[in-house]
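Each residue takes its place number in the sequence, starting with 1. Just so it is clear, the values below take in all heavy atoms, side chains as well, and ignore hydrogens, waters and symmetry mates. Counting starts at 1 for both ligands and their atoms, following the listed order.
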Amino acid sequence: MQKLLHFYYKNNELYCEGTPVRKIAEEFGTPIYIYSKAQIIENFKSLQNSLPNAKILYALKANSNPAILKILNQLGAGADTVSAGEIYIALNSGFKPEKISFAGVGKYDDEIKFAIKNEIFSINIESPQELLVVNEIAKNLNKTAKILIRINPDIDAKTHPYISTGIKTSKFGIDPTEAIDVFKKSLNLSHIELLGIHTHIGSQIVDVEPFVETAKFILQYIEKLEKNGIKISHIDFGGGLGVKYKNVIVNENLPFEENDDKELKPEVFANEVLPILEKTGCELTFEPGRFIIANAGIIVGKVIYTKKTGAKNFIITDISMTELIRPALYNAYHQIVPVEIKAQKTEIADIVGPVCETSDFIARDRKIPTVSRGDYIAVMTAGAYGFVSSSNYNARLRPAEVLIDGENYYLIRRRETFEDLLSKTIMTKT
Ligand code: LLP
């Protein structure tokens with residue numbers, strides 16, 4: 001089990017490192033994202049130790065707060081991006097351009113221009129048409145664009161269908177047979193430098209087999225490329241390492257989720273995948289997001305009301321789908337715990353937010369220690385794809401973010417204000 005040392009209970013009170021979670025909630029209000037610096041560092045180092053000769057490009061899409069990016073940059077990470085906005089954030093958070101990759105099926109011309117002007121490490125090509133567009137833009141800028149070509153290996157990652165990206169019917173990458181011609185063509189384009197191959201089969205993958213299958217596929221594919229006279233130097237294997245969401249904090253006063261879930265340890269991933277990929281002699285890159293930041297973050301909220309209907313118990317909190325959309329979007333499970341364990345009693349309830357949607361739930365039919373109006377609750381493993389997917393739906397204010405470092409803590413994003421809600425709108429004159 002991945003250790004979750006940095007969020008723990010002391011005398012039935014939840015701590016993040018040396019700081020009581022309640023203190024942060026009281027000082028900055030709720031809902032609030034809280035991150036453990038030590039956990040981020042530990043996660044990154046465990047990956048780095050397992051993949052010592054590879055480059056790790058942190059996938060910004062999981063969480064792009066600059067204070068978090070600064071920690072990862074200092075540890076030696078690069079940045080995997082999917083928009084010019086993310087490239088902009090990465091550059092402004094200190095990442096060197098030569099450590100930034102840019103993927104995505106629908107890059108705009110302006111975004112490609114921005115990437116080429118900034119001389120980033122690679123643009124990952126996802127269609128035959130895109131290759132020509134990138135060459136054209138590079139030519140106009142009098143620059144050479146370095147590229148990887150993303151292939152879609154048609155491998156089932158056995159994860160939620162919405163985050164499975166490597167099967168035939170998904171929009172990502174290029175069909176491997178068709179891609180041979182794209183590789184060939186890239187060699188003849190004046191303003192393109194081919195580095196290698198990119199693939200990413202999905203996210204929250206907890207079985208190593210799909211990764212092994214993908215590595216084997218790449219090995220064979222590179223042999224095929226060589227037979228066609230194409231020599232590459234680089235493999236970007238993508239991200240996707242899954243983490244644990246259930247029973248991340250185990251305590252005698254917390255209900256244990258019987259239907260436990262799995263995680264994929266980086267050393268298991270490395271032991272199985274590296275020997276295959278290393279046969280190619282290529283330089284290796286990985287793009288993990290979730291593994292690095294998911295369990296390093298929680299979101300803390302307050303119980304506004306408790307309500308019992310004939311059919312259900314509801315715990316109505318100030319955390320809604322606008323702060324954490326994963327349960328509404330993927331039916332994702334997050335462990336929910338009281339910030340102070342007061343009662344031995346448990347109940348089964350739906351934990352919901354104030355948003356006017358029935359899909360606005362954080363958990364359904366969940367066994368949870370009984371909580372009352374005014375109590376704080378924490379939603380665990382919310383560091384990845386949490387804040388970044390937040391919205392202003394129902395004119396809600398995006399939450400604040402705090403970074404904990406032992407007994408010190410830093411506000412790393414202020415809570416939005418009413419003024420923010422109107423700051424970008426323009427009133428008509430008539
Ligand atoms: N590389 C590429 C090309 C990707 O598309 C992704 C994630 C990653 C790397 C990082 O994957 P990770 O290591 O974090 O699994 N919102 C969803 C997850 C979407 C993942 C999108 N792509 C969720 O909340 O589960």
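Taking the centre and axis of the six-membered ring of F121, the NZ or CZ atom of K55 falls inside the cone set by 45° and 6.0 Å. For the pair R326 and Y330, the cation-pi criterion (under 6.0 Å, within 45° of the ring axis) is not fulfilled.
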For ligand 1, list all ligand N or O to protein N or O distances below 3.5 Å, rounded to 0.1 Å.
| residue | atom | partner | partner atom | Å |
| --- | --- | --- | --- | --- |
| ligand 1 | 1 (N) | D80 | OD2 | 3.4 |
| ligand 1 | 1 (N) | E287 | OE1 | 2.5 |
| ligand 1 | 13 (O) | G240 | N | 2.8 |
| ligand 1 | 13 (O) | G289 | N | 2.9 |
| ligand 1 | 14 (O) | G289 | N | 3.4 |
| ligand 1 | 14 (O) | R290 | N | 2.8 |
| ligand 1 | 14 (O) | Y385 | OH | 2.6 |
| ligand 1 | 15 (O) | S203 | OG | 2.4 |
| ligand 1 | 15 (O) | G240 | N | 3.4 |
| ligand 1 | 16 (N) | Y330 | OH | 2.8 |
| ligand 1 | 24 (O) | R326 | NE | 2.6 |
| ligand 1 | 25 (O) | R290 | NH1 | 3.2 |
| ligand 1 | 25 (O) | R290 | NH2 | 2.8 |
| ligand 1 | 25 (O) | R326 | NE | 3.3 |
| ligand 1 | 25 (O) | R326 | NH2 | 3.0 |

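The backbone N or O of Y88 sits less than 3.5 Å from a side-chain atom of N92, completing a donor-acceptor pair.
Checked options V182, I197, I232; the residue passing with I149 is V182 (criterion: side-chain contact (heavy atoms from CB on, under 4.5 Å)).
Using cut-offs of 30° and 60° for the angle between ring planes, the Y8 and Y15 rings count as parallel. The aromatic rings of Y33 and Y35 sit parallel, their planes meeting at an angle under 30°, below the 60° perpendicular limit.
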